[in-house]
Amino acid sequence: MKKNVILVVTVLVALFIVLMGSGCNKPFDVPELKTITPSQTGFLVPLIGVTSDQAKMNSKEFLANAKIATKEVQIPHREIQIGRWSNEV
């Protein structure tokens, strides 16, 4: 009888520890892929980083340099913390 109680308490404590530890993980960032068909022209214009080139976005030279020849492009993501604690994304 005493062995059964100790076993149940041990299993409940282990389950509690596992559940509390799993809630602190950040969610996995799923990569966002966009496909460019052969009849489309794709431009990959960065919104962050070098800001001196952003003022010349309407120029033909900027768009010619920003052309991409691939058919599938991964959209870059960045993490912005909006929660109060470090584990709140």
Side-chain angles (χ1 to χ4, degrees):
M1 175 83 177
K2 189 175 182 181
K3 275 187 164 183
N4 290 339
V5 172
I6 293 174
L7 180 65
V8 169
V9 169
T10 305
V11 169
L12 287 177
V13 167
L15 184 64
F16 177 76
I17 290 172
V18 168
L19 289 176
M20 290 301 292
S22 67
C24 297
N25 295 334
K26 294 181 182 179
F28 177 71
D29 182 23
V30 179
E32 182 180 356
L33 299 174
K34 296 292 181 180
T35 304
I36 300 169
T37 61
S39 63
Q40 295 176 333
T41 302
F43 298 98
L44 191 59
V45 180
L47 296 177
I48 59 172
V50 180
T51 57
S52 62
D53 293 339
Q54 290 181 1
K56 300 183 276 184
M57 191 172 113
N58 293 328
S59 67
K60 291 181 183 179
E61 297 85 23
F62 178 78
L63 293 176
N65 291 336
K67 278 187 187 178
I68 50 177
T70 58
K71 296 196 184 233
E72 190 170 67
V73 177
Q74 181 176 357
I75 307 298
H77 292 167
R78 63 180 173 162
E79 181 181 330
I80 301 173
Q81 182 177 352
I82 57 173
R84 182 174 182 180
W85 306 105
S86 63
N87 62 346
E88 295 177 0
V89 178

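Scope of the values below: all heavy atoms of this structure, side chains included, with no hydrogens, waters or symmetry mates.
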- Item | Candidates Val13, Ile6, Leu12 - the one meeting side chain to side chain contact (heavy atoms under 4.5 Å, CB included) with Thr10 |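 For Thr10, the side chain to side chain contact (heavy atoms under 4.5 Å, CB included) check succeeds only for Ile6.
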- Task: Write down the atom of Glu72, the atom of Thr35, and the distance for their closest heavy-atom approach.
- Result: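 Heavy atoms of Glu72 and Thr35 come nearest at OE2-OG1, 3.8 Å.
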- Val9 and Ile17: same hydrophobic cluster, using ILVMFWY side-chain contacts below 4.5 Å?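 Yes, it is one cluster - the side chains of Val9 and Ile17 are joined through contacts under 4.5 Å.
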- Message: What's the separation between atom CD in Gln74 and atom CG in Leu33, rounded to the nearest 0.5 Å?
- Response: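 These two atoms lie 5.5 Å from each other.
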